[in-house]
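Chain naming here is simple, since letters A, B, ... match the order of the sequence lines and numbering starts at 1 in each. None of these values were measured; they are calculated from a predicted model.
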There are 2 protein chains.
Amino acid sequence: MFKTAKFNRISQNIVQQIRQAILKGDLQPGHRLPPEKELAENFGVSKASLREAFRALEALGLLEVRQGVSGGAFICEVDLETARNNIVNYIFFQNPSIREFTQLRIILEPAISRLAAAKVKDEQLAAIEENLNEAKIELDSGSFSYELDIDFHRRIADITENSLIHLVIDSMQSALVNIKKLIDPDYDFSLKVYHAHVRIFDALRSRNPDKAAEEMLRHVKEVGDGLTAFCDPKNPCAPSEKN
Amino acid sequence: MFKTAKFNRISQNIVQQIRQAILKGDLQPGHRLPPEKELAENFGVSKASLREAFRALEALGLLEVRQGVSGGAFICEVDLETARNNIVNYIFFQNPSIREFTQLRIILEPAISRLAAAKVKDEQLAAIEENLNEAKIELDSGSFSYELDIDFHRRIADITENSLIHLVIDSMQSALVNIKKLIDPDYDFSLKVYHAHVRIFDALRSRNPDKAAEEMLRHVKEVGDGLTAFCDPKNPCAPSEKN
DNA sequence: AAACATTAAAACATCTGATGTTTTAATATT
DNA sequence: AATATTAAAACATCAGATGTTTTAATGTTT
């Protein structure tokens with residue numbers, strides 16, 4: 001009838017109280033909590049329990065504890081890296097197939113490119129061009145930078161100035177890299193990626209939404225096919241095969 | 001030149017070691033770590049530090065610690081709730097506008113409905129119909145259930161059998177509810193939502209992808225406009241106005 | 001006055017060991 | 001066979017001692 005109340009720990013209780021206070025707006029980023037000793041007395045718990053709660057809140061990205069005379073426990077905004085890491089952890093266990101990644105990317109990325117082409121600014125184009133220049137250097141030296149690849153897609157997502165789109169693209173790209181690293185693409189693959197990126201960039205530069213969407217769709221499909229080709233089609237890229 | 005190495009804590013060190021072992025596949029869900037005392041000796045740290053690491057790993061959803069004779073610290077899969085909570089925390093601070101939510105939903109949800117209409121099974125339709133029946137009861141009693149609303153969209157996303165799509169829709173809906181709750185929609189709004197859901201259901205039942213996408217698009221836009229109408233157009237739904 | 005070095009205190013980090021609580025496997029009883 | 005009891009494994013919590021980091025305040029030099 002009722003959910004089993006899973007945690008009955010003091011630390012968990014404190015975590016919930018502080019998280020709720022943050023979500024209610026009572027505790028705002030930058031706010032410094034009282035010193036350990038004092039706060040422990042407030043809560044009526046030992047220092048050890050309070051510290052366990054602090055570690056959990058830090059893991060959630062809601063708190064930062066610093067040593068030193070003007071240190072202490074500070075409320076902070078959850079940053080992108082924390083959110084992304086958690087998503088990547090979750091996706092790791094879900095172990096989605098290339099097909100699933102590609103299906104979602106086909107929905108998202110062409111539409112995002114379309115939006116981006118309609119409002120991209122010159123300095124944003126310049127930043128993407130710089131990305132392509134670096135990618136070209138990597139390519140010519142026979143290597144492939146996952147970071148640059150992620151960065152290309154992230155920059156396009158950023159043009160929308162939509163924090164939700166930013167989070168989704170950033171997280172999906174990060175999770176996808178873990179698969180790509182298992183596969184270790186060859187030169188031919190890297191070349192295709194580079195050329196596709198250039199075509200997408202050209203579409204953005206000419207502020208052509210349809211073209212930008214079309215080229216991104218082609219790119220995402222090509223990458224999906226390319227990655228699938230490297231995998232066992234029946235059990236695509238299962239990490240259980242690593243051992 | 002270098003990133004400041006933020007954490008130098010023993011507990012953080014242990015968290016990273018265990019997380020890496022999980023991501024490497026060396027520690028799998030269900031695995032029980034040695035007892036506190038023994039593991040603390042292994043790591044060469046005190047029990048207190050080890051316990052702080054455990055609390056952080058629990059917050060990340062990677063560990064579950066149970067008391068009792070056959071208890072201990074067990075590796076576990078990150079569950080949806082943990083991932084969702086973290087995303088909701090992040091989005092809370094980003095405080096995206098209704099416009100941003102709607103922009104992403106317009107990209108995602110019609111496309112997902114299209115996919116769903118092409119492969120929906122009878123029992124999935126029955127489950128959605130049941131959702132609508134419950135929503136009708138709520139509506140007739142003059143109330144509105146956010147849970148049922150989320151559930152409707154989640155069920156459609158589930159039809160795709162894509163865990164990434166599932167995560168994204170689930171998280172976005174959960175984050176959006178926090179905004180809706182601030183607004184407290186009136187009867188007219190609830191009625192519109194219900195009718196839109198019925199139209200989407202009809203499209204799914206007739207296995208009509210285009211129609212399903214079209215109705216979902218109309219619904220998402222309608223909700224976006226409806227929510228915006230309730231908000232200050234210059235500063236949409238900023239939680240700073242709660243006080 | 002500005003730049004630099006020193007110092008001391010605030011606040012967290014870690015360890016140790018004692019005591020309490022929960023859970024369940026094993027045992028005993030009916 | 002079902003039920004009740006018990007004991008031990010393993011975590012939960014606490015108290016207090018000691019160590020380390022950080023920086024504001026102070027002092028010194030140029």
Side-chain angles (χ1 to χ4, degrees), chain A residues 2-19 21-22 27-76 82, chain B residues 2-19 22 27 29-76 82:
Chain A
F2 294 106
K3 282 188 210 170
T4 51
K6 225 172 186 178
F7 290 115
N8 229 0
R9 280 196 214 103
I10 286 178
S11 60
Q12 191 60 21
N13 183 304
I14 293 173
V15 167
Q16 275 162 6
Q17 284 193 53
I18 294 181
R19 178 171 185 254
I22 294 171
L27 288 177
Q28 297 198 347
H31 181 93
R32 188 175 88 161
L33 297 177
E36 273 183 0
K37 200 189 161 197
E38 193 181 326
L39 192 56
E41 279 170 15
N42 284 175
F43 277 118
V45 304
S46 76
K47 222 180 38 170
S49 295
L50 179 64
R51 285 174 58 78
E52 289 185 16
F54 279 3
R55 292 297 95 82
L57 287 164
E58 280 187 330
L60 297 176
L62 294 169
L63 198 71
E64 185 184 337
V65 180
R66 291 198 299 269
Q67 230 177 168
V69 55
S70 61
F74 297 84
I75 305 296
C76 50
T82 302
Chain B
F2 294 106
K3 281 187 209 170
T4 51
K6 226 172 186 178
F7 289 114
N8 230 0
R9 279 196 214 101
I10 286 179
S11 60
Q12 192 59 22
N13 183 304
I14 293 173
V15 167
Q16 275 162 6
Q17 284 193 53
I18 293 181
R19 178 170 186 254
I22 294 171
L27 288 177
H31 180 92
R32 188 177 87 163
L33 298 176
E36 274 183 359
K37 200 189 162 196
E38 193 181 325
L39 193 55
E41 278 169 16
N42 283 176
F43 277 117
V45 304
S46 76
K47 220 180 40 169
S49 295
L50 179 64
R51 284 173 59 80
E52 289 185 15
F54 279 2
R55 292 296 95 82
L57 286 164
E58 281 187 329
L60 297 177
L62 294 169
L63 198 71
E64 186 184 335
V65 180
R66 291 197 298 270
Q67 232 178 164
V69 56
S70 61
F74 297 85
I75 305 296
C76 50
T82 302

Requested in this report: Any chance you could measure A:Cys76, atom SG, to A:His31, atom NE2, to the nearest 0.5 Å?
Outcome: 13.0 Å
Requested in this report: Let me know the distance between CZ of A:Arg51 and P of D:dA15, rounded to the nearest Å.
Outcome: 16 Å
Requested in this report: Could you list by number each residue of residues 35-47 of chain A showing a heavy-atom separation from DNA chain C of less than 4.0 Å, or answer none if no residue does?
Outcome: A:Pro35, A:Glu36, A:Lys47
**Report entry** Derivation of the side-chain contact (heavy atoms from CB on, under 4.5 Å) call for A:Phe54 and A:Leu63
**Finding:** CA-CA 7 Å; A:Phe54 279 3; A:Leu63 198 71; 3.5 Å; yes
Query raised in the report: According to a strict under-4.0 Å criterion, is A:Arg9 in side-chain N/O contact with OP1 or OP2 of D:dT13?
Result: no
Report task. Starting from P on C:dT24, measure out to CZ on B:Arg32 and report it in whole angstrom. Result -> 12 Å
Report task. Answer yes if the side chains of A:Gln17 and A:Asn13 hold a donor-acceptor pair under 3.5 Å, and no otherwise. Result -> yes
Query raised in the report: Between D:dC11 atom P and A:Ile10 atom CD1, what is the distance in whole Å?
Result: 17 Å
Query raised in the report: Nearest-Å distance, CD (B:Glu64) to P (D:dA10)?
Result: 17 Å
Query raised in the report: At what distance, to the nearest 0.5 angstrom, does CZ of B:Arg32 lie from CD1 of B:Ile75?
Result: 12.5 Å
Report summary line: To the nearest angstrom, the CG-C1' distance between A:Leu33 and C:dA11 comes to 13 Å
Report task. Of all the heavy-atom pairs spanning B:Ser49 and B:Ile10, show the shortest one and how long it is. Result -> CB-CG2, 3.7 Å
Requested in this report: Check every atom of D:dC14, C:dA13, D:dA24 against the side chain of A:Gln67 and return the nucleotide holding the closest atom.
Outcome: C:dA13
Requested in this report: Identify which one of A:Ile22, A:Val15, A:Ile18 satisfies the side chain to side chain contact (heavy atoms under 4.5 Å, CB included) criterion when paired with A:Leu60.
Outcome: A:Val15
Report task. Before accepting this row, confirm whether a basic side-chain N of the pair A:Arg55/A:Glu52 lies closer than 4.0 Å to the acidic partner's carboxylate O. Result -> no
Query raised in the report: OP1 or OP2 of D:dA12 less than 4.0 angstrom from a side-chain nitrogen or oxygen of B:Arg55, does that happen here?
Result: yes
**Report entry** Interatomic distance, B:Glu58 CD vs D:dC11 P [rounded to whole Å]
**Finding:** 11 Å
Requested in this report: Using atom CD of B:Glu52 as one end and atom P of C:dC12 as the other, report the distance to the nearest whole Å.
Outcome: 12 Å
**Report entry** Nearest-angstrom distance from the residue atom CZ of B:Phe54 to P of D:dT13
**Finding:** 15 Å
Query raised in the report: Which comes earlier along DNA chain D counting from the 5' end, the contact point of B:Ala73 or that of A:Arg66, where each point is its nearest nucleotide?
Result: B:Ala73
Query raised in the report: Does B:Ser49 make a side-chain N or O approach to OP1 or OP2 of C:dC15 shorter than 4.0 Å?
Result: yes
